[in-house]
Peer 1: 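Quick one: the structure is below, questions incoming.
For clarity, every value in this text was computed on a predicted model and none was experimentally measured.
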Amino acid sequence: GDSGISRENHARLAYDGKHNNFHLIPAESVNGIYINDEPVYVPTRLEKGDVIELGESKFKFVPFCDDAFCWQNN
């Protein structure tokens, strides 16, 4: 319902299994992307608790993998 988020390809979330971390990658959006109120123009590493803002929506980043757990190790 947020018309400020591109329907097709606003941004991507990527997991790097080798380094066990996540990055937010800007895509084809003309609207802004922010992490903790800072603009994102290039792939940016995400940390637990970061706030991602797309359009008028805000999302708190909660990783499924971190130092305590990784799917590849189980």
Peer 1: Are Leu24 and Tyr41 in one and the same hydrophobic cluster, where Ile, Leu, Val, Met, Phe, Trp and Tyr link if side-chain heavy atoms are under 4.5 Å apart?
Peer 2: no
Peer 1: Under a single-linkage definition using a 4.5 Å side-chain heavy-atom cutoff for Ile, Leu, Val, Met, Phe, Trp and Tyr, are Val42 and Ile33 assigned to the same hydrophobic cluster?
Peer 2: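 No, no single cluster joins them.
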Peer 1: Quick one: NZ on Lys48 to CG on Asn21, what's the gap to the nearest 0.5 Å?
Peer 2: 15.5 Å
Peer 1: For the residue pair Arg45 and Asp50, what are the closest heavy atoms and their distance?
Peer 2: O-OD2, 4.2 Å
Peer 1: Compare every heavy atom of Gly49 with every heavy atom of Lys60, then report the nearest pair and how far apart it is.
Peer 2: CE-O, 3.7 Å
Peer 1: Could you tell me whether the side chains of Asn20 and Tyr15 share a donor-acceptor contact shorter than 3.5 Å?
Peer 2: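 Result is yes, a qualifying pair exists.
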Peer 1: Looking only at heavy atoms, what is the nearest atom pair of Val40 and Pro26, with distance?
Peer 2: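 Smallest heavy-atom distance, with atoms named: CG1-CG, 3.7 Å.
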Peer 1: Give the cluster check for Leu54 versus Leu13: same hydrophobic cluster or not, with ILVMFWY residues linked at side-chain heavy-atom distances below 4.5 Å.
Peer 2: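 Per the 4.5 Å side-chain linkage, Leu54 and Leu13 are co-clustered.
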